[in-house]
Student: 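Got a structure for you, written out below as structure tokens; questions coming shortly.
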Amino acid sequence: MTHADHERRAELGSFLRARRERISPEAVGLPGGGRRRTPGLRREEVAQIAGVGVTWYTWLEQARDINVSAPVLDAISRALRLDQRERAHLFTLSATVDLEAESRRCAALAPGYQRFLDQLDPYPAVALSWRYDILAYNAAYRFLRCDLEQIAPEERNFLWLFFTHPAYRDFVEDRDNGARHAVARFRTHLASHLGDPLGQELVGRLLSASPFFAEIWSQHDVAPEDPGYKVFPTPIGRLRVQPQRLLHSEGDGWTMVYTPADDRTAALMPRLLDRAGPASAASA
């Protein structure tokens with residue numbers, strides 16, 4: 001164990017003790033009274049509430065070099081009644097990925113974000129998680145290919161659609177380079193979220209469903225050149241666009257806004273909104 005690891009584990013032990021000592025037995029339904037050498041809960045009481053071994057929990061507070069897992073840390077977090085910031089600190093000190101928080105963070109957008117996207121029409125705009133889950137979009141993006149509303153919400157992942165859905169196979173004109181760039185970016189993000197089950201599940205599904213994805217994935221590219229512009233062959237015509245990436249203030253996602261790269265595209269983009277029609281617009 002390195003010196004840095006030892007310091008981190010020592011800080012973890014101190015943090016756990018401080019949070020344990022602030023909770024009274026009565027607050028968690030245990031009998032109070034009697035002589036107690038320290039305020040708050042005893043170690044064995046925290047272990048009992050969390051459903052972990054007393055010896056293991058004692059070693060954790062003593063900064064021993066032991067393995068920890070996300071489910072056990074989740075149980076300890078609940079037993080100590082940690083708030084979200086304290087829970088995040090617990091997982092950071094434990095050098096463990098909080099899968100619950102990752103899932104919640106990826107799916108979260110600021111209140112009113114849909115209104116912001118709607119104001120960008122007729123420029124197509126989409127909010128994505130690091131896994132390329134499509135979190136929100138405006139009408140122009142909705143109709144870039146087929147009607148995105150006609151695709152089940154659980155299928156609305158850009159990588160999944162690009163590699164498996166017939167309408168999205170030719171999302172960009174240069175499909176080969178577009179695919180390699182998207183996969184490389186996804187691989188880079190996945191490296192920062194090792195252990196994320198949803199990310200690994202997506203990789204597995206794509207490997208099974210798309211030989212094209214499997215071929216690209218096997219090459220382990222992480223940073224191919226981005227051409228700086230894209231060409232979308234859409235039902236209203238060929239759109240040459242300039243991608244604008246806006247990072248989200250929370251989490252690892254981003255919003256992509258596609259602005260016109262030439263006058264012809266600028267003239268065509270409003271026709272994306274015409275595709276909505278009265279019925280589709282009412283259901284949007």
Student: Looking only at non-hydrogen atoms, find the nearest pair between R175 and F162 and report the distance.
Tutor: NH2-O, 3.3 Å

Student: Parallel, tilted or perpendicular, judged at 30° and 60°: which one describes the rings of F186 and W217?
Tutor: tilted

Student: Is it true that atom CG of D263 has more than 12 heavy atoms of other residues, nucleotides or ligands lying nearer than 6.0 Å?
Tutor: no

Student: Would you say W59 and V54 are hydrophobically clustered, going by side-chain heavy atoms of ILVMFWY under 4.5 Å?
Tutor: no

Student: Measure across Y137 and L117 and return the closest heavy-atom pair with its distance rounded to 0.1 Å.
Tutor: N-CD1, 3.6 Å

Student: Tell me if the centroids of the rings in Y258 and Y123 come within less than 6.0 Å of each other.
Tutor: no

Student: Testing L128, I134, L202 for side chain to side chain contact (heavy atoms under 4.5 Å, CB included) with N157, which one passes?
Tutor: L202

Student: What distance do R42 atom CZ and E45 atom CD have between them, rounded to the nearest 0.5 Å?
Tutor: 5.0 Å

Student: Could you check F171, F213, Y168, Y132 and say which one makes a ring pair (Phe, Tyr, Trp, His ring centres under 6.0 Å) with F163?
Tutor: F213

Student: How far apart are the closest heavy atoms of L80 and I23, and which atoms are they?
Tutor: O-CD1, 3.2 Å

Student: Verify side-chain hydrogen bond (donor to acceptor under 3.5 Å, both in side chains) between T265 and D262, making sure each step is shown before the conclusion.
Tutor: CA-CA 6 Å; T265 297; D262 54 41; 2.7 Å; yes

Student: More than 12 heavy atoms of other residues, nucleotides or ligands under 6.0 Å from CD of Q48: yes or no?
Tutor: no

Student: Yes or no on salt bridge (Lys or Arg N to Asp or Glu O under 4.0 Å) for D5 and R8, after CA distance, side-chain angles and deciding distance?
Tutor: CA-CA 5 Å; D5 287 336; R8 177 176 53 78; 3.4 Å; yes

Student: Near R205 CZ, under 6.0 Å, is it more than 12 heavy atoms from other residues, nucleotides or ligands?
Tutor: yes

Student: Between E86 and D83 (side chain of the first, backbone of the second, donor and acceptor by atom type, cut-off under 3.5 Å), is there such a pair?
Tutor: yes

Student: If you round to the nearest 0.5 Å, how far is CG of N138 from CZ of F143?
Tutor: 11.0 Å

Student: What's the separation between atom CD1 in I49 and atom OH in Y57, rounded to the nearest 0.5 Å?
Tutor: 10.0 Å

Student: To the nearest 0.5 Å, tell me how far L239 CG sits from R264 CZ.
Tutor: 7.5 Å

Student: Can you tell me how far NZ of K230 sits from CE of M256, rounded to the nearest 0.5 angstrom?
Tutor: 6.5 Å

Student: Kindly give the heavy-atom pair with the smallest separation between I151 and C146, and that separation in Å.
Tutor: CD1-SG, 4.0 Å

Student: Side chain to side chain contact (heavy atoms under 4.5 Å, CB included) between L135 and R156: does it pass, once the steps are laid out?
Tutor: CA-CA 8 Å; L135 305 179; R156 293 178 199 164; over 6 Å; no

Student: Would W56 and N67 count as a side chain to side chain contact (heavy atoms under 4.5 Å, CB included) here? Give the steps.
Tutor: CA-CA 10 Å; W56 184 90; N67 294 323; 6.0 Å; no

Student: Can you check whether F232's main-chain N or O pairs, donor with acceptor, with R238's side chain at less than 3.5 Å?
Tutor: no

Student: Taking all heavy atoms of L41 and all of R20, pick out the closest pair and write down the distance.
Tutor: O-NH1, 2.9 Å

Student: Heavy atoms only: give me the nearest A182-L159 pair and the separation to one decimal.
Tutor: CB-CD2, 3.9 Å

Student: Do W160 and H165 make a side-chain contact, defined as non-hydrogen atoms from C-beta onward lying under 4.5 Å apart?
Tutor: no

Student: Any side-chain heavy atom of D74 within less than 4.5 Å of one from P71?
Tutor: no

Student: Got a second to check how far T92's OG1 is from E11's CD, nearest 0.5 Å?
Tutor: 11.5 Å

Student: Test side chain to side chain contact (heavy atoms under 4.5 Å, CB included) on L60 and I76; report intermediate values, then the result.
Tutor: CA-CA 11 Å; L60 191 63; I76 292 174; 3.8 Å; yes

